[in-house]
Structures are given as C-alpha cells and as structure tokens.
*Asks:* 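Quick one: the structure is below, questions incoming.
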Number of protein chains: 2
Amino acid sequence: MQVWTMAITGKQLFTTLEADGSLTLELDEVTVPEPQDNQVVVQMEAAPINPSDLAILTSKADFENAEYAPGRVVAKLDEPWLSGLRGRHGQRLVAGNEGAGVVVATGDAPMAKALMGQRVACVPGHAFSQYALAQAHLCLPLGEHSSEAGASAFVNPMTALGFVETAKAEGHGAILHLAAASNLGQMLNRVCQEDGMKLVNIVRRESQVELLRSQGAEYVVNSSDEDFMAQLRAAIDATGAFLGFDPIGGGTMTDACLAAMEQVAASKMSEYSRYGSTQDKKMYMYGRLDLNPTILTPRYGLQWTISGWLLTPFLQRAGLPTLIAMRQRVLENLGTTFASSYKARVSLEQMLTKEAILDYQQMKTGEKYLVTPQA
Amino acid sequence: MQVWTMAITGKQLFTTLEADGSLTLELDEVTVPEPQDNQVVVQMEAAPINPSDLAILTSKADFENAEYAPGRVVAKLDEPWLSGLRGRHGQRLVAGNEGAGVVVATGDAPMAKALMGQRVACVPGHAFSQYALAQAHLCLPLGEHSSEAGASAFVNPMTALGFVETAKAEGHGAILHLAAASNLGQMLNRVCQEDGMKLVNIVRRESQVELLRSQGAEYVVNSSDEDFMAQLRAAIDATGAFLGFDPIGGGTMTDACLAAMEQVAASKMSEYSRYGSTQDKKMYMYGRLDLNPTILTPRYGLQWTISGWLLTPFLQRAGLPTLIAMRQRVLENLGTTFASSYKARVSLEQMLTKEAILDYQQMKTGEKYLVTPQA
C-alpha cells in the first residue's frame with residue numbers, strides 16, 4: 001500500500017456564474033485530494049480548449065468589456081443565456097475535459113499503481129489544473145508520445161470513431177458532416193477513408209475545401225457557394241448519405257441537409273406523395289457552436305429524425321470490448337490518423353488574458369488552443 | 001367469376017397545383033375502373049376532411065379571393081408554399097384518405113367477393129368521390145353501423161392506438177399530447193384511460209380543458225395560461241411523460257415540451273452538468289397544422305430526439321396480427337371509444353363553396369367536416 005505523505009498543491013481554474021450575470025474565471029491554489037483506489041494524480045502538461053469546454057468557460061459572455069486582472073477575469077453574461085444556465089448559478093465549477101501529463105501518485109488499485117510515473121492522456125473534467133485527479137481505467141498510457149501529442153487523445157478520436165460506429169450500427173455506408181474542417185472533421189475524414197465509409201464534408205470557406213481535398217476528401221461542399229444546395233444534392237446522390245452529424249445546432253444547416261436529402265429521395269419517386277418520400281433521413285446534433293434557435297422548415301415530409309449525440313452515452317452503449325479496441329487504435333495512430341493541431345499554446349495565466357479569450361471564444365474552425373499548465 | 005357489364009360513373013374531386021401558383025379544386029365525372037383481384041368498388045356515403053387531406057386540398061392558398069363556380073374553385077398559392085410543393089406542380093391529384101359506403105362491385109379474390117353488398121369503412125385515397133376503388137384487406141365491414149359512424153374508422157383510431165403501441169414499445173408509461181381536444185385527442189384520451197397509459201393533454205382554451213376533464217382526463221394543461229410552463233412541469237413530474245406527440249409542428253410548442261421535460265429531469269439532479277440531464281426526451285411530430293418553421297432553443301442539452309411519426313410506416317412495422325387486433329377493437333367500440341363528431345355535413349358541391357372552404361381550411365380543433373358524396 002502506498003503511503004500518501006506529501007500534500008500536492010497547484011493552480012486550478014474555476015468558473016462561477018452568479019445569478020446577476022457576472023461570470024468569474026479565476027485561478028486558485030488547491031490541494032489535490034489523496035488518490036483513492038483506482039484514482040491517479042496527473043501532473044498536467046497539456047490540455048486542449050474544446051468547444052465543450054468553452055460552453056462552461058466563456059459561454060456567450062462579453063469578454064470585450066470584462067474586468068481583467070492576473071489570473072482572474074469577470075465578464076457579464078446577458079439574457080437569454082443567463083436564464084438558460086440557471087442550473088449553475090452560484091456554483092464554482094472546474095473545467096477542462098481532457099489533457100495529458102505524468103502520473104505522480106496513485107490509489108491502491110493495481111490498474112492505478114501500474115501507471116505510476118507514466119505519461120498518460122486522461123479525462124479528469126478539471127484538466128485546466130497543474131494537478132488533476134483522474135480515473136486509471138480512462139487513462140491512455142502514451143509511451144514515447146509527448147503530452148502535446150496525447151492531449152486530445154480522447155474526445156475527438158472517440159467521437160470520430162463513434163460517428164463511424166453509429167453509422168455502421170444503423171446500416172449506413174455514408175456520413176454527412178458539418179463544420180468538417182475542424183480538428184475533429186479532419187480526423188473523421190481520415191477515419192472514414194481508412195474504414196471505407198463515404199463522407200460528405202460541408203465547410204464554409206474555399207480554403208477549407210482545399211484543405212480537406214489535400215487530405216484526400218472526395219466530397220467537399222462549400223455552404224458559402226451560390227449553388228450550395230445543388231452541390232449538396234449531388235454529393236448526397238453520389239454517396240447515399242442520409243445520416244449527418246452537426247456540431248453547429250443553431251440556424252438552418254441541419255434543415256438544409258434534411259431538405260437536400262429529401263430532394264434527392266423525391267427525385268427518384270414515380271409519383272407525388274403529400275407525405276414526402278419514404279427515405280429515412282437523420283441528423284445528429286453533437287454540439288451547439290451556434291446558440292441561436294434551430295430552424296426547421298416543413299419541406300421534407302415527416303420521415304426524419306433529429307437527435308442529440310453525446311460521447312458518454314455512446315461509450316456506455318458501445319461496451320468495454322469496443323472501447324478497448326477504439327483506444328488501442330487511437331494509441332497506435334496518435335501521430336497520424338488521430339493527430340491534432342493547435343493555433344497557440346498558453347499558460348493558465350495567459351489563458352485568462354483578453355487577447356487569448358477574445359480569440360478562442362470565437363471557436364473558429366481549426367484554430368484550437370492548447371493550455372500548458374506547467375508553463 | 002363476376003362479369004363486369006355496367007360502366008359505373010360518378011363525380012370525383014381533383015386538385016391541381018400549377019407552377020404559376022394557381023390551385024384548382026374541381027369535380028369531374030369519371031368512369032370507375034373495373035375492380036381487379038382484391039379490389040372493391042365502394043359507393044361512398046361519408047368521408048371526413050382530415051388535416052392530412054387539407055394539406056393537399058387547400059394548403060395555404062388564398063381562398064378569400066379565389067374564383068368560385070359550381071363544382072370548381074381556383075385559388076392562388078404564394079411562396080414559400082408554392083416552391084415547397086414543387087413535386088406536385090402540374091399533377092392532377094385525387095383526395096380523401098378515408099370514408100365509408102356500400103360495396104357495389106368486387107374483383108375475383110375471395111376476400112373482395114365476401115364484401116359484396118356490405119357497408120364498409122375504407123381507405124381509398126380518393127374518398128371525395130361518389131365511387132371509390134378500395135383494397136378489400138383494408139376495408140372494415142361496419143355491420144349495423146352507419147357510414148357516418150364508420151367514416152373515420154381508420155385514420156384517427158389507428159393513429160390513437162398507434163401512439164399507445166409506440167409508447168409501450170419504447171418503454172413509456174405516459175404520453176404528452178398537443179392539440180389534445182381534437183377528435184383524435186379525445187379518442188386518445190379514451191384509449192389511454194382504457195389501457196392505463198397516463199396522458200398529459202395540452203390544449204389552448206379553457207373550454208377545451210373543461211371538455212377533456214368532462215371526459216375523465218386527469219392531466220389537462222392550457223398553453224394560453226400565464227403559468228403554462230409551471231402547469232406542464234407539474235404534469236410531467238406527476239406522470240413521467242418524457243414522450244410526446246405533436247400534430248402542430250411549426251412554432252415553439254415542441255420546444256416548450258422538451259424544455260419542460262428537461263427542467264423536471266434537471267430538478268432531480270444532484271450536480272450541474274453542461275450537457276444537461278441524462279433523461280431521454282422525445283417528441284414525435286405527426287402533422288404540420290402550422291407550416292411555420294419549428295423553433296428549437298438550446299436549453300435542454302443534447303439528450304433528446306424529435307422524429308416524424310406517420311401511420312403507414314407504423315402499420316408496416318406493427319405487423320398483421322397487431323393490425324387485425326387493432327381493427328377488431330375499433331369495430332367493437334366504434335360508437336364509444338372511437339366515435340367521431342362533425343361540425344357540418346357537406347355535399348361534394350357544397351365542399352367547394354367559399355363558406356365551407358374558409359371554415360374548414362382553418363382546421364379548428366374539434367370542428368371537422370364530413371363530406372356526403374351521394375347528397
């Protein structure tokens with residue numbers, strides 16, 4: 001049995017939204033709890049700022065006119081976002097889904113003890129910390145890989161693999177993906193090519209079309225083009241993609257995808273039906289990059305489904321053998337299929353500066369930040 | 001073998017939408033084709049005007065300023081509805097999902113011949129006719145019931161039973177229903193009471209609250225009340241209704257239902273999650289009474305599904321034994337559980353008058369018209 005003799009303390013980020021709309025992000029010095037059983041303490045070296053982190057970090061608050069101090073910023077969040085986040089009012093929350101670092105202490109369980117001294121990717125939920133308490137069975141030993149290489153080894157890779165598993169399980173041979181030039185989108189593009197899953201990539205800029213084409217993508221559609229709907233119909237017709245994944249949520253893109261699917265299906269019908277085609281059409285919403293309302297028009301009959309897609313329930317449904325196989329595949333291809341890229345590296349203090357926040361709050365496609373808590 | 005010696009002719013309604021936006025409804029004299037195999041010819045005595053019929057009959061056309069002549073009316077349909085119905089431009093379509101009448105000729109198949117001379121409910125798809133060609137296996141012999149009693153024996157009863165079957169199959173013990181004072185809603189209220197399925201009825205007027213309560217409904221919520229959301233949350237909390245059926249489609253009601261479900265689920269959570277509760281929430285859209293866009297806000301996480309619900313695919317999934325049992329139950333309870341009521345009775349000619357169209361085009365809850373083609 002390991003003896004816990006030395007208190008480990010380090011900086012940790014907290015985010016607090018008060019009922020009056022003040023959103024405080026601040027660093028605090030905390031003492032890491034003693035790891036129990038299957039827990040490990042990871043000295044964090046790298047943690048990405050994912051869109052799912054920003055939902056809790058910055059939300060829609062006004063960081064242009066916020067009060068900035070070293071290691072602390074207070075911004076204002078307006079309605080309707082403030083009421084929408086009623087559930088967290090007054091709660092001091094941690095942040096940072098995932099990251100990587102070195103295991104410096106462990107609980108008693110053999111799986112935890114086996115990780116002592118190793119560099120691992122982990123999913124602590126408070127990765128924006130100098131030390132994080134993580135579950136050993138969700139840690140991925142990185143071997144010779146750096147923490148930067150392994151920092152995004154969980155959320156995006158598991159999500160990309162999860163999309164392909166979901167499509168296969170529902171009998172699809174093609175996927176449609178929105179915001180497809182993101183880190184996740186580029187990863188999905190590689191996974192689909194490896195697995196023979198056809199992929200329709202939808203992006204917003206010509207440079208993103210070129211980026212994905214240079215990575216071997218066959219179907220890339222630019223929603224800023226005047227003939228976007230015609231491009232989309234052609235790609236759906238060529239691939240048979242009647243299942244899509246949308247990280248945007250708000251606005252009209254999921255609606256446009258369902259409409260294009262229906263137009264392709266209806267063009268093959270021999271006679272008109274007021275109920276639309278009998279082709280099943282499905283869009284999964286896996287994020288809410290746009291918090292504006294989703295708009296659905298009545299132009300694609302009633303043979304469709306829109307459903308939320310979340311990683312955790314998917315992993316629970318998938319079961320341990322599938323999960324283990326997925327993690328092994330990620331580890332073996334961390335530098336290739338599952339590589340991530342970052343626009344900038346920031347320390348915990350730099351993360352809370354105006355310059356950084358105003359940039360990463362925009363969640364621009366392919367411009368992800370990496371936090372380096374030991375810097 | 002029956003010999004087809006006499007040509008049967010009668011009036012039939014046609015609806016034609018041209019690309020220029022002119023929508024023509026007109027009666028024409030047609031010769032009924034000779035019934036083959038399993039087909040029967042039904043001399044139609046009664047046919048309801050259902051919302052699904054109105055989608056093809058009147059749509060959103062301007063019947064206030066239409067040109068009316070006996071047995072003919074030409075109205076104008078504007079954008080965006082016109083383009084949305086591109087698939088039917090120039091096609092002369094029949095109308096009338098269901099109705100009842102007397103079988104006056106049949107094909108050779110035993111099931112068809114057995115119906116000769118009987119009064120039946122049928123689903124011909126062109127029920128707004130003096131004679132309709134129907135499939136014998138979808139006919140329901142009415143025995144001593146009148147055609148008026150049997151005119152709505154298919155769509156609403158099968159839909160109400162289908163909702164309960166769907167809920168049971170997905171593991172639910174409670175249903176939420178919008179526009180719940182409709183003929184279908186009242187029927188569902190009776191079916192749910194008989195089957196022990198809890199039902200949250202959502203209506204828009206106090207008179208509808210009273211109507212449903214007088215029919216034994218336990219949970220009735222008025223969306224016009226100021227405390228509607230609080231009423232809805234209380235009813236969901238009391239029943240556990242996390243599955244709903246919505247015939248309206250457009251607007252914010254499905255959104256409100258998902259939000260209320262989430263608020264009930266979140267109130268039972270011990271800690272805040274940016275992903276919302278883990279409670280599955282589902283709304284089926286089974287109609288589009290409101291053709292305005294559906295609005296979905298980002299206030300209920302991503303653990304939800306919205307899906308179209310259509311009767312035909314449900315019946316195909318249900319299988320023949322279930323279908324037969326459902327039809328038997330309908331027949332045995334036609335005057336009670338599955339009774340429909342009508343606001344007015346109109347002949348085929350009266351159906352095309354300004355007074356009638358302006359009234360039934362509004363699809364007011366509980367104000368259904370019955371067409372009597374022999375009048």
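Reminder, nothing fancy here: chain letters follow the sequence lines and each chain counts from 1.
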*Asks:* Can you tell me which portion of Tyr284(A) sits under 4.5 Å from chain B's heavy atoms? Options are side chain, backbone, both or neither.
*Replies:*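 Neither part.
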*Asks:* Tell me, side chain or backbone of Pro313(B) under 4.5 Å from chain A's heavy atoms, or both, or neither?
*Replies:*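 Contact with chain A: side chain only.
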*Asks:* Are there residues of residues 293-311 of chain B whose heavy atoms fall under 4.5 Å of chain A's heavy atoms? If so, which?
*Replies:*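 The list, in residue order, reads Pro293(B), Thr294(B), Ile295(B), Leu296(B), Thr297(B), Pro298(B), Leu302(B), Gln303(B), Trp304(B), Thr305(B), Ile306(B), Ser307(B), Gly308(B), Trp309(B), Leu310(B).
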*Asks:* Of the backbone (N, CA, C, O) and the side chain (C-beta and beyond), which part of Arg288(A) lies under 4.5 Å from a heavy atom of chain B, both, or neither?
*Replies:*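 Interface part for Arg288(A): side chain.
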*Asks:* Against chain A, label Asn97(B) side chain, backbone, both or neither, depending on which of its atoms sit under 4.5 Å from a heavy atom there.
*Replies:*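 The side chain, not the backbone.
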*Asks:* What residues of residues 260-271 of chain A sit under 4.5 Å from chain B when only non-hydrogen atoms are counted?
*Replies:*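 Not one residue of residues 260-271 of chain A has a heavy atom under 4.5 Å from chain B.
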*Asks:* Identify which of Ala55(B), Gly84(B), Gly87(B), Ala259(B) forms the greatest number of heavy-atom pairs closer than 4.5 Å to chain A.
*Replies:*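 Among the listed options, the one with the most contacts to chain A is Gly87(B).
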*Asks:* Ser52(A) versus chain B, heavy atoms under 4.5 Å apart: side chain, backbone, both or neither?
*Replies:*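 Looking at Ser52(A), backbone and side chain both touch chain B.
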*Asks:* Counting only heavy atoms not in Arg86(B), do more than 12 sit closer than 6.0 Å to its CZ atom?
*Replies:*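 Count not over threshold, so no.
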